[in-house]
Amino acid sequence: MANANSFSIKWVIYLFIIISNSANANQPPSDSSRPKIGLVLPGGGAHGLAHIGVLKQLERLNIPIDYISGSSMGAVIGGLYATGLSASQIESFVIHVNWDQTFTDSSTRHFFSFRQKSKQLNYFAQGELGYGNGRFKLPNGLIQGQQQATILKGMTLASSTIKDFDKLPIPFRAVATDVKTGEEVVLKSGNLSQALRASMAVPGIFAPVLIDGRYLVDGGVTNNTPINVVREMGADIVIVSDIHTPNDPKMEMDSYVNIGGQILSGMINANSLRQLKTLKSKDILIRPTIPNSISPTSFNDAKEIIQTGSQACLDQQAPLKNLSHSSYTSATPPKTLPIIDAIEFHNETHISNDVIRHMVHQEVGTPIDRTQLETDITRLYGLGFFELVTYNIEKIDQKNVLIIHTAPPSWGPHFFKLKFNLASNLDDSNLFNIGVRHTYIPANNLGGEWQNEIGVGQTQLLKTSFYQPLSFSQKTYIEPSFQLKKQNYTLGTESNLSAVQLEQQTMTPKLELGYNLSPTWRAAISYENELGDIILGRYTSSQIKEHYNDHIFSFRVQHDNLDQVTFPRRGTLLNMSYHNTFDRLDQQASKVIEYKGLLSSYFSYQRHTFNVHLEATDIEAKNSDDIHRFYTLGGFQRLSGYSEDELIGNQLLFAKVKYLYRLSASTNPLDFPYYLGATLEAGNLYDKYNLTTGTSSDISWDNTKQAGSIFIGMNTVMGPLYFAYGYHNSQRQSLYLYFGHALN
């Protein structure tokens, strides 16, 4: 045992020497004979990526950087460089990161809980209204910053235990703005990733970041080019990578977006020009020339933007060479990730710590596993209980403590979401639905959720449900619900009936028990008692009315790994279910057996997306009078050319192949991406039990209808928008306007 202890002590001393030498290597070489050089990196959105090209040339010329100050995107690039990452490493990061994901909180839909995915399928509007403490509230930003927080923490993880920014491989300052006072705030200590996020939190787009009791946003508002900051750090010579662009005098002041953008741009340019006027003769100003075609949101043009920074340095190569220092070597980040000695949870919500602990797989006594931890954080956020889920590593009693921070939505705990659906063939069929969904979450420490819906229009709905997880793992759940629903259909001439109305009214108490096998798979069984009325010919001289009382036992399996629900690029949606209907609960033999299946898969390459969609239903019954289920086809992408829900029957087969070409450069929802597409469709409704006295037909190609469509689509903040032309034959062709519909 003594020998073992001796060996352990020697090993610890050896590791300490290595780490100490590594830490010393991280500091730029000290040379009192040369002037200290400070680098200033302003903000400018995607234009700020030009700073990487500047850094690459400064490295090539062996120019030592003693201090860095930055604002907004300049703070991000400068902060990463200050941790010891090379310009090439930062370049690789910005080229390969999915920038569109950083501009939304829900981009990692793959990791969302199945419950959260299900809630996205009918309500597409971004944002929601909250209610709490006796008043209605809005979120404090369109984007809360979950994706940015996770990405920036991962990139700065090796330096996460350094709280004094002067002790980074290169001393660093980030500039932010206090929302309440409008004052400039220079961040020189604390959580580096949090400081970077605060410095680039564009007001109104990203939520402010709370640091030391102050709500901070983009530093460009008060000091976009912080030359004074780097001078105060001790810089004798200042190098500025200036990317500010003058206001466009030709821009039309015809919208609040343009007016607001011009005002913000004017404020940023004004404070930048004030700082640039302080430059001295020995300072160096580098001005990348970024083409007008590249906007501050064009992050997908990263390579071209970086090249403009490199070229601007080459244009200033003569004065830069005077600052070259042959013995200078770039700083390097710590080579080892910290070993986690303990895990703590700073949980500000009503959710049990056991729920959070169940999602975190980091082991104590091992180096931090960045990939696994980021996955765990994303899945925690995907439960839908939190405004933000972040992590930090703190030195407490000489131990590395991993702290998981969870914060509740500041605008809750009651949430209201609006939907508006419009389906029009711009002729004789105009269907709309308006709905409001209320959610109270969490209702208890396991994450219970009370949800209510009201809908008016073609479908009238009143529903209440309570979703209750039964374990800390959130896998098993029970969900009782009660629903009142009335839906109207117009039967076309395909059923040998002209403009006959069909109305179905139902009252349905239901109990479901389910198991979430994973974030992408769910299995459930349910019992529902459907009391209904079917009214045929309501607006004619006679009516056919049927009352029924069905007891339905169901089993279903679902799979959903779509990357998004409006214009998916990849993933599959699968629904398979079996329904057994009885007249009475004590009845041994079922009267109706129903099978349903849906498969919709998406595949993409660059801007091209392909979708294969299949649907099928079948009903087996001894008596056609016992069948109260029917399905519809007709409308855009569901036998285009027909009116909405024009075809009706109780046996459905439908297939569709869709092609989408993304016309816009970005999929970022803030850029309203738009698409050109086309579909080929085939299928029919086969009324084998003569549900509406229409003509029965066997399943065959001769009885299958073919159709197609071409369309333009746009992903707006309120949901998908389509303008389309559909064709079945010369008698069945339509122009369509669709809004707020998911066409899966």
Side-chain angles (χ1 to χ4, degrees), residues 43 45 71-73 75-76 101-107 116 123 125-153 174-185 187 190-191 193-222 256-257 260-261 263-264 267 346-351 377 380-390 392 405-418 438-442 668-670 717-718:
S71 181
S72 196
M73 182 55 71
V76 173
Q101 285 191 357
T102 67
F103 292 103
T104 177
D105 293 314
S106 59
S107 57
Q116 291 301 107
Y123 287 78
Q126 295 186 31
E128 57 193 355
L129 178 67
Y131 181 83
N133 299 322
R135 63 188 181 94
F136 286 98
K137 297 177 282 185
L138 289 170
N140 50 13
L142 185 61
I143 301 167
Q144 299 305 309
Q146 177 65 37
Q147 293 301 313
Q148 285 189 348
T150 303
I151 291 172
L152 290 174
K153 172 56 71 174
V175 177
T177 302
D178 189 313
V179 172
K180 292 184 177 180
T181 66
E183 296 175 338
E184 171 188 342
V185 178
L187 300 169
N191 184 323
S193 65
Q194 191 179 43
L196 301 184
R197 189 161 61 88
S199 184
M200 67 178 300
V202 180
I205 303 297
F206 292 100
V209 178
L210 180 62
I211 297 180
D212 296 333
R214 307 178 80 172
Y215 287 94
L216 305 181
V217 295
D218 198 319
V221 176
T222 50
Y256 74 91
V257 175
I263 292 174
L264 183 61
M267 294 171 59
H346 289 186
N347 179 17
E348 301 175 25
T349 75
H350 296 298
I351 295 296
I377 292 295
L380 260 175
Y381 180 78
L383 293 176
F385 305 139
F386 313 108
E387 178 175 324
L388 279 178
V389 181
T390 58
N392 198 24
H405 300 266
T406 53
S410 56
W411 61 98
H414 295 271
F415 305 95
F416 297 87
K417 203 169 185 68
L418 177 70
H438 159 257
T439 305
Y440 173 60
I441 184 173
N668 179 359
L670 297 179
V717 293
M718 290 299 294

> Sequence neighbours left out, what passes side-chain hydrogen bond (donor to acceptor under 3.5 Å, both in side chains) with Glu184? Give chain and number order.
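So Glu184 forms a side-chain hydrogen bond (donor to acceptor under 3.5 Å, both in side chains) with Asn223.
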> Starting at OG1 of Thr406, measure out to CD1 of Ile351 and round the result to the nearest 0.5 Å.
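Reported value, rounded in 0.5 Å steps: 9.0 Å.
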> How would you list, by chain and number, every residue that makes a ring pair (Phe, Tyr, Trp, His ring centres under 6.0 Å) with His414, sequence neighbours excluded?
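Partners of His414 by the ring pair (Phe, Tyr, Trp, His ring centres under 6.0 Å) criterion, ordered by chain and then number, come out as His438, Tyr440.
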> So which atom in Pro208 and which in Asn140 form the shortest heavy-atom distance, rounded to 0.1 Å?
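Between these two residues, the closest heavy atoms are CD-O, 3.3 Å.
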> What residues form a side-chain hydrogen bond (donor to acceptor under 3.5 Å, both in side chains) with Tyr123, not counting sequence neighbours?
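Glu453.
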> Given the rule in the side chain to side chain contact (heavy atoms under 4.5 Å, CB included) test, do Leu138 and Trp411 qualify, once you have shown the distances and angles that lead to the verdict?
CA-CA 6 Å; Leu138 289 170; Trp411 61 98; over 6 Å; no
> Mind running side chain to side chain contact (heavy atoms under 4.5 Å, CB included) on Leu196 and Gln148 for me, showing each step along the way?
CA-CA 10 Å; Leu196 301 184; Gln148 285 189 348; over 6 Å; no
> Just grab all the salt bridge (charged side-chain N to carboxylate O under 4.0 Å, His left out) pairs involving residues 205-218, residues at least two apart or on different chains.
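Those involving residues 205-218 are Asp178-Arg214, Glu183-Arg214.
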> For Phe386 and Tyr381, work out which heavy atoms get closest and say how close.
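It is O-CE1, 3.6 Å.
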> Ring pair (Phe, Tyr, Trp, His ring centres under 6.0 Å) with His350: which residues, sequence neighbours excluded?
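Partners of His350 by the ring pair (Phe, Tyr, Trp, His ring centres under 6.0 Å) criterion come out as none, since no residue qualifies.
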> How long is the span from the NE2 atom in His405 to the CD1 atom in Ile377, to the nearest 0.5 Å?
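Rounded to the nearest 0.5 Å, the NE2-CD1 separation comes to 9.5 Å.
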> With heavy-atom distances below 4.5 Å as the criterion, would you say the side chains of Lys137 and Ser410 are in contact?
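With C-beta onward as the side chain, the pair stays apart.
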> Can you list the residues that meet the side-chain hydrogen bond (donor to acceptor under 3.5 Å, both in side chains) rule with Thr222, with sequence neighbours excluded?
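Checked Thr222 against side-chain hydrogen bond (donor to acceptor under 3.5 Å, both in side chains); matches are Thr177.
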> Using atom types as modelled and distance alone, determine if a side-chain donor or acceptor of Ser72 lies under 3.5 Å from a backbone N or O of Met200.
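A pair under 3.5 Å: no.
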> Taking Lys153 for its side chain and Thr390 for its backbone only, find out whether a donor-acceptor pair lies under 3.5 Å.
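No, the answer is negative, given that no donor and acceptor are paired below the 3.5 Å cut-off.
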> Look up atom CZ in Phe385 and atom CD in Gln116, then write down how far apart they are to the nearest 0.5 Å.
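It is 7.5 Å, given to the nearest 0.5 Å.
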> Which heavy atom of Gly145 sits nearest to which heavy atom of Arg197, and what is that distance?
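Residues Gly145 and Arg197, closest heavy atoms: O-CD, 3.9 Å.
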> Working to the nearest 0.5 angstrom, can you tell me the gap between Asn392 CG and His346 NE2?
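So the gap between those two atoms works out to 10.0 Å.
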> Minimum heavy-atom separation for Ala201 to Ala207, with atom names?
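Closest approach of Ala201 to Ala207, heavy atoms only: CB-O, 3.8 Å.
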> On a heavy-atom basis, which atom in Glu348 and which in Ala407 lie closest, and how many Å separate them?
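Smallest heavy-atom distance, with atoms named: OE1-CB, 4.2 Å.
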> So does Val389 get a backbone contact from the side chain of Gln146, meaning a donor-acceptor N/O pair under 3.5 Å?
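Answer holds: yes.
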> Decide yes or no for Pro203 and Val179: does some side-chain heavy atom of the first lie under 4.5 Å from some side-chain heavy atom of the second?
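SC-SC contact between Pro203 and Val179 ruled out.
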> Answer whether the closest heavy-atom distance between the side chains of Ile211 and Leu187 falls below 4.5 Å.
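Sidechains of Leu187 and Ile211: in contact.
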> Are any side-chain N or O atoms of Ser71 and backbone N or O atoms of Gly220, one a donor and one an acceptor, separated by less than 3.5 Å?
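The answer is yes, because a donor-acceptor pair under 3.5 Å joins these two groups.
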